[in-house]
2 protein chains.
Amino acid sequence: MQIGEAARASGVSAKMIRHYEAIGLVPTADRRDSGYRDYADEDLSRLRFIRHSRDLGFPIEQIRVLLRLWTDRGRSNAEVKALARTHLAELEGRIVRLREMADVLQHLADACDGDGRPDCPILAGLEAAGCDGSRAGNRSVCHPNPGAD
Amino acid sequence: MQIGEAARASGVSAKMIRHYEAIGLVPTADRRDSGYRDYADEDLSRLRFIRHSRDLGFPIEQIRVLLRLWTDRGRSNAEVKALARTHLAELEGRIVRLREMADVLQHLADACDGDGRPDCPILAGLEAAGCDGSRAGNRSVCHPNPGAD
DNA sequence: GCTTGACCTTCCCATGATGGGAAGGTGCAG
DNA sequence: CTGCACCTTCCCATCATGGGAAGGTCAAGC
């Protein structure tokens with residue numbers, strides 16, 4: 001099967017399949033006389049594995065490890081689980097950081113009438129913010145009602 | 001004041017200050033005879049505004065608009081609020097996507113004993129996943145207990 | 001005066017995952 | 001033979017940020 005069909009079947013774009021080959025995430029594909037890459041059904045499962053890992057946000061280097069474990073019959077599921085937990089912590093961390101941003105922004109937006117006047121608590125908040133280390137102490141601008149959520 | 005001090009005072013790295021100047025986010029800095037950039041206190045507020053905006057996750061191009069509104073006395077806070085809400089929606093969207101990833105991964109990790117055997121539901125889940133459009137219908141692998149959260 | 005060290009300058013390169021697009025070859029159907 | 005869909009490689013772009021090299025500036029200390 002050509003790369004386009006492999007792409008359709010695996011959900012990984014042809015562009016990315018070539019890229020994964022270039023960085024050694026998938027083995028060098030067989031070539032036809034024409035130079036076209038040729039894929040077998042077995043190759044698809046690896047591509048799908050990669051795509052599912054990407055769908056869960058795993059970075060390439062962790063997927064590389066996951067693939068090694070996946071194809072290693074003597075693997076320890078403890079190692080897999082540890083990897084999963086590490087990534088889970090990373091995801092939760094990102095969520096927390098985004099949640100903080102969203103909460104602060106929501107607070108600022110709530111304080112803004114949006115009635116067309118120039119007066120704007122959002123811009124005032126971005127101007128002051130008070131969370132830059134210099135002149136600390138007025139953190140309430142940054143995290144209003146601490147602990148009141 | 002030299003760029004290093006401006007960086008310390010604003011929380012924006014010297015590297016980024018130069019970059020922001022290059023892309024026109026801050027005006028071209030005055031230069032001393034030596035060629036060193038020279039900053040006044042007024043410049044700091046702009047840099048702080050940018051940093052606070054970045055802290056809330058605004059992309060550069062939106063910060064450009066925010067800066068224009070900030071320095072426009074005839075601005076409408078409605079425009080600011082709309083911009084904030086757009087970004088807020090973006091943040092919430094990212095959170096939802098990360099939350100989905102984390103939930104699926106948590107589910108897989110919970111199913112894995114991590115007792116050192118090769119048997120591993122996490123790898124099995126990455127292999128099958130069932131969410132790639134081909135052979136749809138078994139979405140429960142992907143979103144277990146739909147609606148039961 | 002000369003050295004030392006901290007600072008500055010510009011320029012290039014790297015990240016991470018993905019895509020766009022150009023220039024050119026392959027293969028099949030009409 | 002033409003056209004079209006597909007493939008190839010190569011280069012560039014994203015987005016915000018940093019690293020580092022090569023070299024200039026300046027103040028303090030000897």
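A, B, ... follow the sequence lines: proteins, then strands. Residue 1 opens every chain. These numbers come from the heavy atoms of this one structure, side chains and all, not from hydrogens, waters or symmetry mates.
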I would like to know whether A/Asn77 and B/Asp113 meet side chain to side chain donor-acceptor pair (under 3.5 Å); could you show each step before the answer? CA-CA 7 Å; A/Asn77 57 13; B/Asp113 286 339; 5.6 Å; no
Between residues 60-69 of chain B and DNA chain D, which residues have a heavy-atom gap below 4.0 Å?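 Those residues are B/Ile60.
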Between residues 23-38 of chain B and DNA chain D, which residues have a heavy-atom gap below 4.0 Å?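 B/Ser34, B/Tyr36, in order of number.
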Nearest atoms (heavy-atom pairs only) where [X] meets [Y]:
X	Y	value
A/Met1	A/Asp38	N-OD1, 2.9 Å
B/Cys120	B/Cys112	SG-SG, 3.9 Å
B/Ser45	B/Trp70	O-CH2, 3.7 Å

Angle by which the axis turns from one end of the helix from C/dG1-D/dC30 to C/dG30-D/dC1 to the other, five pairs per end, to 10 degrees: 30°
Give the rounded distance in Å between these two atoms: [atom1] of [X] and [atom2] of [N].
X	N	atom1	atom2	answer
B/Glu5	C/dC7	CD	C1'	12 Å
A/His87	C/dG16	NE2	C1'	14 Å
A/Arg54	C/dG16	CZ	C1'	8 Å
B/Met16	C/dT15	CE	C1'	14 Å

Please determine whether salt bridge (Lys or Arg N to Asp or Glu O under 4.0 Å) holds for the pair B/Glu90 and B/Arg94, giving the CA-CA distance in whole Å, both sets of side-chain angles, and the decisive distance to 0.1 Å. CA-CA 6 Å; B/Glu90 162 70 23; B/Arg94 276 193 244 168; 3.1 Å; yes
Decide salt bridge (Lys or Arg N to Asp or Glu O under 4.0 Å) for B/Arg8 and B/Glu5; before the verdict, give the C-alpha distance in whole Å, the side-chain angles of both, and the deciding distance to 0.1 Å. CA-CA 5 Å; B/Arg8 256 168 272 130; B/Glu5 196 182 340; 5.6 Å; no
Might you work through the salt bridge (Lys or Arg N to Asp or Glu O under 4.0 Å) test for B/Glu100 and B/Arg97, ending with a clear yes or no? CA-CA 5 Å; B/Glu100 283 170 1; B/Arg97 287 192 293 277; over 6 Å; no
Go through DNA chain D in 5' to 3' direction and return only the first and the last nucleotide with some atom under 4.0 Å of chain B's heavy atoms.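 Contact span on the strand: D/dA16 to D/dC26.
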When you look at B/Arg99 and A/Glu92, which way does the salt bridge (Lys or Arg N to Asp or Glu O under 4.0 Å) test go after all the steps? CA-CA 8 Å; B/Arg99 185 75 269 152; A/Glu92 297 291 355; 2.7 Å; yes
Check side chain to side chain contact (heavy atoms under 4.5 Å, CB included) between A/Ala14 and all other residues, then give those that pass, not counting sequence neighbours. A/Ile3, A/Ala7, A/Arg18
Partners meeting side chain to side chain contact (heavy atoms under 4.5 Å, CB included) with B/Tyr20 (sequence neighbours left out):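 Only B/Val12, B/Met16, B/Ile23, B/Leu25, B/Val26, B/Ile50, B/Arg54, B/Ile60 meet the side chain to side chain contact (heavy atoms under 4.5 Å, CB included) criterion with B/Tyr20.
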A quick test of your reading: do over 12 heavy atoms of other residues, nucleotides or ligands sit less than 6.0 Å from CZ of B/Arg85?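 No, the 6.0 Å shell around CZ holds no more than 12 heavy atoms from other groups.
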Does the side chain of A/Gln62 reach to within under 4.5 Å of the side chain of A/His87, using non-hydrogen atoms? yes
Please check the phosphate of C/dC8 (OP1 and OP2 only) for any side-chain N or O of B/Gln2 closer than 4.0 Å.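 So the side chain of B/Gln2 is within the cut-off, an N or O lying under 4.0 Å from OP1 or OP2 of C/dC8.
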Output yes when at least one side-chain N/O atom of A/Tyr20 is less than 4.0 Å from OP1 or OP2 of C/dT18, else no.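 For A/Tyr20, the contact criterion (side-chain N or O under 4.0 Å from OP1 or OP2 of C/dT18) is met.
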Between A/Glu79 and A/Arg68, is there a side-chain N and carboxylate O pair less than 4.0 Å apart?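 A salt bridge links A/Glu79 with A/Arg68.
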